[in-house]
Structure formats: C-alpha cells, structure tokens
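Contents: one structure, followed by commentary.
Keep in mind it's a predicted model, so treat the numbers as computed, not measured.
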Amino acid sequence: MATQLLPAQLETDSSPEDPPLVSPTVKLSDGRHIAYRERGVPKAKSNCKIIIVHGFGSSKDMNFQVPQELIEELGIYFLLYDRAGYGESDPNPKRSVKSEALDIQELADQLQLGPKFYVIGVSMGSYPIWSCLKYIPERLAGVAMVVPVINYRWPSFPDSLTREDYRRPLVKLLYWVAKYTPGLLHWSVTRKWFPSPSVMEEKPVFFNKRDMEALKKTEGFPMLTKERLRERSVFNTLRNDFLVCYGDWDFDPMELTSPFPQNQNCVHIWQGYEDKIVPFELQRCISKRLPWIQYHEVADGGHLLVHYNGLREAILRAILLGEEHHLYRPSADKKLSPKLSIVSFHSLDIVC
C-alpha cells in the first residue's frame, strides 16, 4: 500500500527520537517500508516508466538529471527509490540477490506501473538488475546497467582473464573482513587515521580525470562519511549490501537467456574504458558471452560516467529508441590492461 505523508502528519505522527519521514513510502508484504520519489511527466500520461536503482552509499536522491525537453519528448516517468536499509527505507535482515528483484516488482505493482517497466542500475545498483533478469524477466520493457559491478565468483569468468586482476584479491580480502570481523571493520573505518571519502575523492586512486571533474558538481558519497559510518544501522546496511553483492549467487549471470526473445529490445551495458573500480575487460567478456547485450564503452570514461554531461541522454535514447552513438562503440584496436593476461579485444573470443 502506497502512503504519502502530509505536512500535518509530519508534525504529529513522529516522536522526537525518530526523525519523520519526508518521502512517500509503500508497505511491502513483509511489513517493510520502501521510500521513493517520482520525477518526469505524470505517470498516467507517460509513454515509458523507468525505475532507477542507486548504488553503494547512495539513495533515491542520486543525481540523474535529464533535460526537461527530452523528458517531455519521450514521455518519461522516473521512479527512484531507497533500496532496503538506505535513506528512508527499512532494512531487510533477509536481504539476498533475489529479494532485490522482488522489492522492485512489489514496488512497481503497488505504484501501478503496469505489466512492464524499464530498469536502470548504476554501479552496485546493477546486481538488483541481474536479479531482475533472472527472476522477473517478463516484467522488463528495457534494461540498462551503468558501470555494473563484477562478482569474481561468477563461475563463467575464465581464470586466465581474472588471475592477474589486482582488484580480485582486494575484493576477496575486504569480503572476508566484512563477513568475519565486522566489529574490527566498523572500528577501523571510524578512526581518524582511516582515509575519509573526501580524501579519496581528492585522490586519483579510484577516479580518472573526468570523474574528478564530475565530483566537483555532485554530492559525492554522503553516506560514507565517518559521521554516518559511526551509525551502526548505516554500517550494517553497507556491509550487508556488499556481502550480498560479492557473495555466492544462486545463478551465473552469463548463463541467463535474453528477456527479449522476440528481439523487441536488448540489455545495455555502459562502461568506462578508464574505470579504475570495475575492469572493462570483464564487461567485454560478458557481452561476448551474451550476444543479446549491447555494449557501450566511453573511451575517456571512469566509474562516474553517469554524471557526465550528455551520457544520461545517450543512455535513455539507447534504451528507449535503440539509438547508438558511434563515440560509444568499443574499439578493437585498444589494448587491454597490462595487469591482465589477455592482450587484445579479439582474444576475448577465445577465452569467453
């Protein structure tokens, strides 16, 4: 059941200890509340309904600004929501890869989005999209994943492609620490000597030049500040989200079949060639294994390409109209990272 808090309710229905909700919510079948916000044209007048799924440390207030002219031209209705435990949504103690898709489906049903809707997932918000492709493919009108995270446990990844990827042992170590020593991890990330998100945003360790420029125009990662991480509920949400994303899944994404058997649409992956968090080599491998995925690569793009000028419009035109700009086609001439053992784009045909 969808609920909308009115100003009068905000003043009378909350205790001083609990800050009032300021966003509309739906109550799921298990009793949890999911907060959401709507943008774009009115739902009843829209031609397409798009659910935006935020990533790690983000929320429904993420920046996904699109020119009003394009919104009206295509008749787009946007639904952004706080994933379980984020923002104003209740946590899900039973969170799983599958529960992410079921939350999306129930949210869509309660808000009466119709039998089909579009989904766009950003970064870690992409594993709920893989879940949708597995568990509710019949509900999908179109799909886009922007710099989607990679789970090195997926069995179809050839070891020759991931063996020398420096990110793999780092993810493995962090997963072990988060799973088996959560108290130590919580203590560590709240110490003064631990690098703060503001420091990381100033250093090019995780971001390329265009990312750094984008960070100047966005809020960055407000949920990852030391002040917020001291809140145990915030820490637990981030930890559980990370463990589900990088843990064992019930399925291998590279064994999925197309949700569009009649080729009425396709699944899109958008990746930055200079992404320092997610390796483009593995995204290329996925697109080779799954021919129903249309792969777009931004030559000078990093991990924050969803914040680049013009990219959100290109993503929407691709998923809604099937348009593809020549600038975002991967080049076969580019060499793969020297950190990996495969040295050419065509070599992926051999290992993937």
Side-chain angles (χ1 to χ4, degrees), residues 40 46-53 64-67 69-78 116-123 125-126 129-130 132-133 137 140-150 208 210-211 214 253-254 256-275 278-336 344-346 348-349 352:
S46 65
N47 297 324
C48 47
K49 301 172 180 67
I50 302 178
I51 300 177
I52 307 293
V53 187
F64 198 86
Q65 298 297 323
V66 180
E69 299 77 19
L70 181 62
I71 293 176
E72 294 178 357
E73 173 192 345
L74 300 180
I76 306 174
Y77 161 89
F78 291 106
K116 289 184 179 290
F117 46 82
Y118 295 81
V119 289
I120 298 176
V122 180
S123 190
S126 62
I129 307 302
W130 284 115
C132 289
L133 289 168
L140 305 177
V143 178
M145 291 181 278
V146 186
V147 292
V149 293
I150 294 296
N208 75 342
R210 290 193 70 181
D211 285 345
M254 286 189 279
L256 294 176
T257 57
S258 173
F260 311 113
Q262 305 302 319
N263 297 321
Q264 60 269 45
N265 207 330
C266 63
V267 175
H268 298 262
I269 286 182
W270 290 78
Q271 177 64 33
Y273 179 76
E274 298 180 1
D275 192 334
V278 180
F280 75 89
E281 295 92 338
L282 298 187
Q283 305 288 22
R284 288 183 174 186
C285 180
I286 292 172
S287 66
K288 286 288 184 181
R289 287 290 299 268
L290 301 175
W292 41 270
I293 286 182
Q294 186 171 354
Y295 179 65
H296 312 263
E297 193 171 277
V298 182
D300 59 349
H303 194 66
L304 302 182
L305 60 83
V306 74
H307 299 295
Y308 298 175
N309 291 335
L311 258 295
R312 293 177 294 275
E313 295 93 312
I315 292 169
L316 291 173
R317 288 192 175 278
I319 190 176
L320 298 177
L321 303 177
E323 294 182 4
E324 181 183 13
H325 199 289
H326 71 278
L327 290 177
Y328 307 133
R329 295 173 184 165
S331 172
D333 296 330
K334 291 179 181 176
K335 291 186 177 181
L336 303 185
S344 74
F345 182 44
H346 296 298
L348 292 175
D349 290 326
C352 294

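In terms of modelled atom types and a separation under 3.5 Å, the side chain of Ser258 and the main chain of Phe260 share a donor-acceptor contact. Judged by distance alone, with hydrogens and angles left aside, the side-chain atoms of Tyr273 form no donor-acceptor pair with the main-chain N or O of Pro330 at under 3.5 Å.
Annotation: side-chain hydrogen bond (donor to acceptor under 3.5 Å, both in side chains) contacts of His268 (sequence neighbours excluded): His296. By the ring-ring contact (aromatic ring centres under 6.0 Å, His included) test, Phe64 is found to be paired with Phe78, residues two or more places apart in sequence or in another chain being considered. Partners of Glu73 under the side-chain hydrogen bond (donor to acceptor under 3.5 Å, both in side chains) rule, at least two apart in sequence or in another chain, are Arg317.
Proximity of Ile120 to Leu316: side-chain heavy atoms (C-beta onward) are separated by under 4.5 Å at one or more points. With a 4.5 Å cut-off on side-chain heavy atoms, Ile50 and Leu320 count as touching. A 4.5 Å side-chain heavy-atom check between Trp292 and Leu256 finds at least one atom pair inside the cut-off. You'll find the side chain of Leu305 stays beyond 4.5 Å of the side chain of Asp275, heavy atoms only.
Closest approach of Gly272 to Phe280, counting heavy atoms only: O-CB, 4.0 Å. Taking each heavy atom of Pro259 and Leu133 in turn, the nearest pair found is CG-CD2, 3.6 Å. Contact detail for Ser46 and Tyr77: the closest heavy-atom pair is CB-CB, 3.6 Å. The minimum heavy-atom distance linking Gln271 with Val278 is given by the pair NE2-O, 3.1 Å. In this structure, Trp130 and Ile293 approach most closely via the heavy-atom pair CH2-CD1, 4.0 Å. Across all their heavy atoms, Leu140 and Lys116 have their closest contact at O-NZ, 3.9 Å.
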Please determine whether side-chain contact (heavy atoms from CB on, under 4.5 Å) holds for the pair Arg312 and Leu70, giving the CA-CA distance in whole Å, both sets of side-chain angles, and the decisive distance to 0.1 Å. CA-CA 11 Å; Arg312 293 177 294 275; Leu70 181 62; over 6 Å; no
Just do the side-chain contact (heavy atoms from CB on, under 4.5 Å) check on Ser126 and Val146 with the steps written out, would you? CA-CA 7 Å; Ser126 62; Val146 186; over 6 Å; no
side-chain contact (heavy atoms from CB on, under 4.5 Å), that's the test. Do Tyr328 and Leu311 meet it? Break it down for me. CA-CA 10 Å; Tyr328 307 133; Leu311 258 295; 3.6 Å; yes
Please report the C-alpha distance between Glu297 and Gln283 in whole Å, then the side-chain angles of each, then the deciding distance to 0.1 Å, and finally whether the side-chain contact (heavy atoms from CB on, under 4.5 Å) criterion is met. CA-CA 9 Å; Glu297 193 171 277; Gln283 305 288 22; over 6 Å; no
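For the atom pair Gln294 CD and Asn265 CG, the distance stands at 9.0 Å (nearest 0.5 Å). In this structure, CD on Glu72 lies 12.0 Å from CG on Asn47, to the nearest 0.5 angstrom. Rounded to the nearest 0.5 Å, atoms CD1 (Ile51) and SG (Cys132) are 7.5 Å apart.
Each of Val306, Val122, Ile319, Ile315 was checked for a side chain to side chain contact (heavy atoms under 4.5 Å, CB included) with Trp270, and the lone residue meeting it is Ile315.
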